[in-house]
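Okay, structure first, notes after.
We use all heavy atoms of the structure for the numbers below, so side chains are in, but hydrogens, waters and symmetry mates are not. In what follows, chains carry the letters A, B, and so on, assigned in the order in which the sequence lines appear, proteins first and then strands, with residues in each chain numbered from 1.
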There are 2 protein chains.
Amino acid sequence: MDLVERKFRILQAIVDDYIVTALPVGSRTISRKYEQNLSSATIRNEMSDLEELGYLDSPHTSAGRVPSYKAYRLYVDRLMKRTPLGAEEAQAISRFFDRRMRQMEDVAERAAHALSSVTHYTTAVMTRQTGEDDLKLRHLQLVKVTENTALLLLVTDAGVVKQTPMHVSPGMSTDDLYKVSRMLTERLAGCRLGQVQSILEGIGAEFRDQNELLSGMLETLRESATPEGHTDLVVGGTSNLLEYPEYSDVEKARNLLSVLETREKVIRLLQGGAQMEFSVRIGPETGLPETKDCSVVSATYRLGDGRVNTIGIIGPTRMQYGRVISALEYMGKALMETLSGQEQK
Amino acid sequence: MDLVERKFRILQAIVDDYIVTALPVGSRTISRKYEQNLSSATIRNEMSDLEELGYLDSPHTSAGRVPSYKAYRLYVDRLMKRTPLGAEEAQAISRFFDRRMRQMEDVAERAAHALSSVTHYTTAVMTRQTGEDDLKLRHLQLVKVTENTALLLLVTDAGVVKQTPMHVSPGMSTDDLYKVSRMLTERLAGCRLGQVQSILEGIGAEFRDQNELLSGMLETLRESATPEGHTDLVVGGTSNLLEYPEYSDVEKARNLLSVLETREKVIRLLQGGAQMEFSVRIGPETGLPETKDCSVVSATYRLGDGRVNTIGIIGPTRMQYGRVISALEYMGKALMETLSGQEQK
DNA sequence: TGTTAGCACTCTCAATCGAAGAGTGCTAAC
DNA sequence: GTTAGCACTCTTCGATTGAGAGTGCTAACA
């Protein structure tokens, strides 16, 4: 029997146990529950080694051991087994999609709720367009709302991006706006958002009398061209976190919650692993000082229609990684099927 | 000096003090801080009376007294003085509106953040249309997104209501959809959402070959006609609540947070006072068992464009009612100016 | 009649102390 | 290389205690 292998089997047992109990793990616990043919003294020696190697910390002399970030890293990369979703859990996720799809925005919200309730952690769903370069304008529509305001709708490859109230001169009739919309759409459809601006400026001459309207539209377009301009974000299940003892200190809980309320920070949290399809970031790897004892498991799905969805599950470092990854995987499949052509199955 | 008046002045002092400290108020505190020409013994007698009248509770024999719901009710209705907003606070609210207005959805989110940060409580902003009867369709647009999906946009008096992916047969070109949209808009614009359905069914005959598309649109319309179909809800500042000692018990905090995460419950919380323009609901009056020691101060604004905004501020029963009401009032003015015709000032 | 001082009484809160329990590290024996 | 045994450390929990805050009552006073 390889002794190094045994060492890591013990480490795995410690992490497994700690993930469930949140209590420092002692040598006797391991020898009773996981390695019955080894005595606690042997385990003790191994644990002492593991501590020296940086995989374990001891809160104080006579508590058990607690996994370090390094241990979780190793655990996720090599030791952990994926826990397949139970039938009821898989069903809970599917159920969110079996009704006919309604609002686009609903998808993210539903996904967030489904995952939160299955995993008992917090879920963040971020939807954004593929790089701004790829984003093409499809349709532009001005809709009269009150005597002197209209709503500018910008539709891109991936749905309505902007919906902004505009000033129009009271002289413009519903039909006038309709014509303008049609004309502009004809000229601009298929252009990238970045280009649209300059073209619109060129057209400016024809609309001398509607300068105010034009400059309003220009500004809206400018904003739409930035990636932040069309990033939707939904966060669900934040109250779940309070069920874990690591946040029974209200101050800690408050800090974390306030991160989850800050759009920019959540986006940062999700972006960290944006390169890869799947990513697990542990503790300090999350990038924010406030989440240095949280982990984020995230997955990115490229939908057929040009949108990119990133789903992140946020919980304490002693997260049930195996389960969470399975849940994300399952959700990914469900999302793909539902959104990029419902009939393709 | 009227003795009854004095009694209530003392009650006011107790509530005032308790709102700030969250600690049971003793007779000596009152005699020192609020009624210097009365001895603590006198106050004690009065407090004993007030307890008998149901305005005060005592947690135990030798703690001070704590206001009852009845006391808060009286306080809000008759005793309390509105606390005008400080200059910096007013500015904090204004600042959310002085930039050019961007996305419609942003308004609610910004308002929620502004109010949360000024009041240090939680803010919920609900936007919905006036009764479904009044809601008229303005524009309908099908935009091709992928080979066999299009996006159906429904625009009403008050902005885009629905944005739903639809199946279309691959034969339909961008231009075909454009024509269909135009045709449908011409026939349907100005109709109430409820009517649109039946008209659309009537038109059905002309679109024999597009049955799938038509039934999809019908379903979307059906959903849009219900009030829940177009109620936007934003909640901000939930982490603020954790700063109050009443939620230092994690279990309590969790319960409350989970209410604030449940769309339906928050809507219920805001609807309670929907009849009035301004409403203060205290403890059990909030209607939900989970919020029996919270208060909700809400205000409803009818915007020019047919939308109704309800903003509610949620906090512990010992809320700074005076300040909160002032903040809501101020926000109301700012909202009105910004949204219903920006130039009307 | 209303106000006040004084006092006994009650209850909480924080600090202290000690015993129990869990776990370690080390040593010596197998 | 493994294990039993043991001394040692550190936390946790319960009980005890004293201080402090606040009340209610009584009796005296204006």
Contact under 4.0 Å: R6(B) side-chain N or O vs dG2(C) OP1/OP2: no
Between the side chains of T286(A) and T291(A), is a donor N or O closer than 3.5 angstrom to an acceptor N or O? yes
Only pairs at least two apart or in different chains count here, so list each side-chain hydrogen bond (donor to acceptor under 3.5 Å, both in side chains) that has a residue in residues 53-64 of chain A. E51(A)-S58(A)
Calculate, to the nearest 0.5 Å, the distance between atoms CZ and CD1 belonging to R44(A) and I10(A) respectively. 12.0 Å
Can you list every stem that DNA chain C is part of, counting only runs of 3 or more consecutive Watson-Crick or G-U wobble pairs with both distances under 3.5 Å? C:1-30 with D:1-30
What's the closest nucleotide to the side chain of E51(B) if the choices are dG24(D), dC11(C), dG23(C)? dG24(D)
Strictly below 4.0 Å, heavy-atom distances to any atom of DNA chain D: list the hits from residues 39-50 of chain B, or just say none. R44(B), M47(B)
Determine which pairs satisfy salt bridge (charged side-chain N to carboxylate O under 4.0 Å, His left out) with at least one residue from residues 21-40 of chain A, sequence neighbours left out, and list them in order. R9(A)-E35(A), D17(A)-K33(A)
Pair T119(A)-Q320(A), side chain to side chain donor-acceptor pair (under 3.5 Å): steps then yes or no: CA-CA 8 Å; T119(A) 62; Q320(A) 298 199 41; over 6 Å; no
Within residues 54-61 of chain B, find the residues that approach DNA chain D with a heavy atom at under 4.0 Å, and present them sorted by residue number. T61(B)
So, T310(B) side chain and L270(B) main chain: donor-acceptor pair closer than 3.5 Å or not? no
Please determine if K252(A) and E246(A) form a salt bridge, counting it only when a charged side-chain N lies under 4.0 Å from a carboxylate O. no
Quick one: does any side-chain atom of T123(A) pair with a main-chain N or O of S116(A) as donor and acceptor, under 3.5 Å? yes
Could you tell me if the side chain of E285(A) sits less than 4.5 Å from the side chain of R73(A), heavy atoms only? yes
Could you tell me if the side chain of E89(B) sits less than 4.5 Å from the side chain of V118(B), heavy atoms only? yes
By nearest nucleotide on DNA chain D, pick out whichever of L38(A) and S27(B) is the more 5' one. L38(A)
By the salt bridge (charged side-chain N to carboxylate O under 4.0 Å, His left out) test, which pairs, at least two apart or in different chains, include something from residues 287-297 of chain A? K265(A)-E290(A)
If you check every side-chain atom of S62(A), which of dC11(C), dG25(C), dG23(C) has the closest atom? dG23(C)
Take the protein atom CD of E52(A) and the nucleotide atom P of dT24(C), then report the distance between them rounded to whole Å. 16 Å
Distance check needed: dG23(C) C1' versus R65(A) CZ, whole Å only. 9 Å
What is the separation between atom CZ on R28(A) and atom C1' on dG21(C), rounded to the nearest whole Å? 12 Å
